[in-house]
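All ligand and atom numbering here is 1-based and tracks the order in the structure.
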Amino acid sequence: MPIDVRAVREQTRGVLNVAHLNNAGSSLVPGPVAETVVAHLRREEEIGGYEAAEEAADRLHKVYSSVARLIGARPDEIALAESGSRAWAVAMHSVSFVPGSRLLIGRSEYAGNAIALRQLARRNDLQIVVLNDDPYGQVDVEHLQRELERGNVAMVALTHVPMADGLVNPAAEVGRRCRAAGVMFVLDACQSVGQMPLNVEFLGCDVLAGTGRKFLRGPRGTAFLYVRASVLGRFEPLALDGLSAYSSGAEGLEIRGDARRFESWEASIAGRLGLGRAVEYALDLGLEAVQERVGSLAEHLRTELAAVPSVTVHDHGISRCGIVTFSVKGHEAADIRALLTDHRINVSVAPRSSGEVQSILTGSAHAAETVVRASVHYYNTEDEILRLAGLLPR
Ligand SMILES: Cc1ncc(COP(=O)(O)O)c(C=O)c1O
């Protein structure tokens with residue numbers, strides 16, 4: 001069923017205040033999500049934090065099944081976390097790598113992950129190989145294939161949708177090649193989750209990290225990690241606590257048998273319940289319908305922008321999503337953002353992805369060229385898109 005735009009806007013208070021085209025930053029939270037978070041906080045106020053958590057235990061438990069359903073996984077393969085990058089890094093730092101082995105990553109890897117990778121490489125004596133882009137700006141799967149055939153590959157890490165590019169990397173094809181080579185595949189799905197259907201079997205990934213506040217429309221400070229049950233035993237979290245492990249006498253410690261080994265005991269219960277509600281909200285709408293609407297709004301925006309003579313649209317890729325990046329000749333991205341903010345249109349400024357990862361990994365200088373990032377969601381309207389395009393200097 002197509003998205004009922006009027007209904008979703010009625011459940012999104014923020015649309016009365018702003019044209020929010022910063023969903024890749026942090027989306028407008030829908031009413032039912034906000035109410036879930038606030039209601040739990042009220043219970044903490046009324047009866048105490050531990051008692052409120054006990055009362056919500058069943059609903060809290062269901063958050064894992066909701067997230068699992070969202071990505072075609074099992075509930076015991078899901079851990080909740082406070083941020084997507086933390087979820088990703090916690091998994092990466094839990095693997096014991098063979099020194100000297102190689103880690104293959106895409107050029108559009110998230111910059112925060114690239115920092116973590118540099119630390120990981122230094123600690124474990126790893127070599128990081130940055131894969132080429134293909135002519136469409138996506139990860140070059142033929143280059144990936146050649147590197148897999150050269151051997152000594154510990155892992156392949158890919159960002160599904162880059163932070164500042166409308167492209168969707170061919171993750172399922174990467175997953176297929178990794179499976180054939182018997183190499184672990186780690187997918188950063190922080191920008192794709194919530195705006196398109198995801199299925200870990202189809203994607204062929206062993207690890208997937210997602211964040212709550214972006215296209216999923218969850219509260220800030222929420223995220224999740226998926227680790228395939230068949231590889232979980234290869235991950236020993238660096239910092240264990242009373243939730244992730246048990247003391248087993250003289251033998252030492254026994255680490256939990258499910259993905260919650262990556263969690264810490266304390267967490268925002270209200271936030272987690274809010275995340276679960278956001279996932280249910282997305283599932284109720286249907287991720288196919290979400291993708292359809294987001295894709296068509298984004299294409300509309302690209303078309304309107306391309307018609308403005310001073311504007312260059314930068315998005316690459318064959319398959320594109322809700323992120324639209326552009327620049328306006330003679331104007332800094334920050335100035336365009338300020339102009340739009342004055343008209344109550346939210347966008348963000350982002351570094352252009354190309355070259356950034358290489359410079360982080362090598363410490364080399366990189367001209368920090370920035371672009372305007374306008375990221376649409378299903379509750380945005382054609383009118384908001386026309387307003388944005390109409391305000392740009394010609
Ligand atoms: C592609 C990508 N991965 C990971 C993240 C990090 O997510 P979080 O801020 O929840 O750590 C971001 C955030 O912008 C992102 O764009």
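- In this structure, the side chain of D140 does not engage the main chain of N132 through any donor-acceptor pair within 3.5 Å.
- Judged by distance alone, with hydrogens and angles left aside, the side-chain atoms of R320 form no donor-acceptor pair with the main-chain N or O of G295 at under 3.5 Å.
- No single ILVMFWY cluster, assembled from side-chain heavy atoms under 4.5 Å apart, contains both V130 and V174.
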Report, one line per pair, each donor and acceptor closer than 3.5 Å where one atom sits in a side chain of residues 326-338; sequence neighbours left out.
unit_1: S327; atom_1: OG; unit_2: H314; atom_2: NE2; d: 2.6
unit_1: R337; atom_1: NE; unit_2: V347; atom_2: O; d: 3.1

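- No side-chain donor-acceptor contact under 3.5 Å links E304 to the backbone of L301.
- A distance-only check finds no donor-acceptor pair linking the side chain of N22 to the backbone of N346 [under 3.5 Å].
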When you pair each N or O of ligand 1 with protein N or O atoms, which pairs come out under 3.5 Å?
unit_1: ligand 1; atom_1: 3 (N); unit_2: D188; atom_2: OD1; d: 3.2
unit_1: ligand 1; atom_1: 3 (N); unit_2: D188; atom_2: OD2; d: 2.6
unit_1: ligand 1; atom_1: 9 (O); unit_2: R213; atom_2: NH1; d: 3.2
unit_1: ligand 1; atom_1: 9 (O); unit_2: R213; atom_2: NH2; d: 2.8
unit_1: ligand 1; atom_1: 10 (O); unit_2: G84; atom_2: N; d: 2.8
unit_1: ligand 1; atom_1: 10 (O); unit_2: T211; atom_2: OG1; d: 2.7
unit_1: ligand 1; atom_1: 10 (O); unit_2: R213; atom_2: NH1; d: 3.0
unit_1: ligand 1; atom_1: 11 (O); unit_2: S83; atom_2: OG; d: 3.4
unit_1: ligand 1; atom_1: 11 (O); unit_2: G84; atom_2: N; d: 3.3
unit_1: ligand 1; atom_1: 11 (O); unit_2: S85; atom_2: N; d: 2.8
unit_1: ligand 1; atom_1: 11 (O); unit_2: S85; atom_2: OG; d: 2.3
unit_1: ligand 1; atom_1: 14 (O); unit_2: K214; atom_2: NZ; d: 2.8
unit_1: ligand 1; atom_1: 16 (O); unit_2: Q191; atom_2: NE2; d: 3.0

